[in-house]
Amino acid sequence: MRVLPENARVLFTEEQVDAQVRRVAAGINERYRSGGVKLIGVLKGSVFFLTALSRYLEVPVRVDFLAISSFSTRRGAPGVVRIEKDLDEPIEGEDVLVVEDIVDTGLTLRYLLRTLAGRGPNSLGICTLLDRAARRLVEVPVEYRCFEIGDHFVVGCGLDYKQLYRNLRCVAVIDSPGQESSDSD
Ligand code: IMP
Ligand code: MG
């Protein structure tokens, strides 16, 4: 069985991804040198990037996760976001980085940032593997990004198409995927 579907092509190789993850990690090491950082992963897509990133971090790292469901579809109307699984620990007084696989419309992150900001963190930033800024509907401050991408549907490094391909080490474009991944992350 082929790992990649026939209509897919590699956008970023494993080596390119690794180089960018290292670059971003170096910036985080510098910024959070004094007190460390709490990484908040948005399940499930960000798990792969968060893991890769954290291995290059040389400051104290805490990790927590949340899961959301969003009823927006890539081509459809922006919808509602809901927290399905909340963080295990409070974030009050902490330096927090929300880790994402991709920032697209920004709607998910805007909701998350508002919710998390209300819990009194010392600082709150965004770190994403991919930034598809061309499709942004609402502005969100992205402090760290590995790659900007154009208007392609991508899989790999945590991103799925119908729950497949998250485990790919590269980022690949799927031409005309048909239908957007319908799940939350
Ligand atoms: P948004 O920024 O609120 O539009 O939500 C972005 C979320 O949609 C991401 O966290 C992904 O789970 C999903 N998503 C957006 N674009 C893609 C893609 O190209 N491939 C796979 N999932 C995507
Ligand atoms: Mg996601």
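Atoms within each ligand, like the ligands themselves, are counted from 1 in listed order.
Checking side-chain atoms of Arg136 against main-chain N and O of Asp104 turns up a donor-acceptor pair under 3.5 Å. Remark: the backbone N or O of Ile174 is not paired with any side-chain donor or acceptor of Asn7 at under 3.5 angstrom. When atom types are taken as modelled, the side chain of Thr13 and the backbone of Gln16 share a donor-acceptor pair closer than 3.5 angstrom.
Listed by number with element, the atoms of ligand 1 under 4.0 angstrom from any heavy atom of Thr108 are 1 (P), 3 (O), 5 (O). Within the listing of ligand 1, atoms 10 (O) sit less than 4.0 angstrom from a heavy atom of Glu100. Close contacts of ligand 1 with Leu107, meaning ligand atoms under 4.0 Å from a residue heavy atom, involve 3 (O). Heavy-atom contacts of Arg132 reach the following atoms of ligand 1: 16 (N), 17 (C), 18 (C), 19 (O) (cutoff under 4.0 Å).
Contacts of Asp160 with ligand 1, taken as heavy-atom pairs under 4.0 Å, involve the backbone alone. Contacts between Arg135 and ligand 1 below 4.0 angstrom, taking non-hydrogen atoms only, are absent altogether.
In Arg62, the CZ atom is not crowded: 12 or fewer heavy atoms of neighbouring residues, nucleotides or ligands sit closer than 6.0 Å. The environment of CZ in Arg119 is crowded: more than 12 heavy-atom neighbours from other residues, nucleotides or ligands sit within 6.0 Å. Within 6.0 Å of atom CZ in Arg169, 12 or fewer heavy atoms from other residues, nucleotides or ligands are found, so the atom counts as exposed in its surroundings.
With no hydrogens or angles considered, a side-chain donor-acceptor pair links Tyr56 and Asp18 at under 3.5 Å.
Considering each of Ile174, Leu159, Asp131, the one bringing a non-hydrogen atom nearest atom 23 (C) of ligand 1 is Leu159.
On a distance-only criterion, Val155 and ligand 1 share no N/O pair closer than 3.5 Å. In terms of N/O distances under 3.5 Å, ligand 1 is approached by Gly106.
Under the 4.0 angstrom criterion for non-hydrogen atoms, Val154 is in contact with ligand 1.
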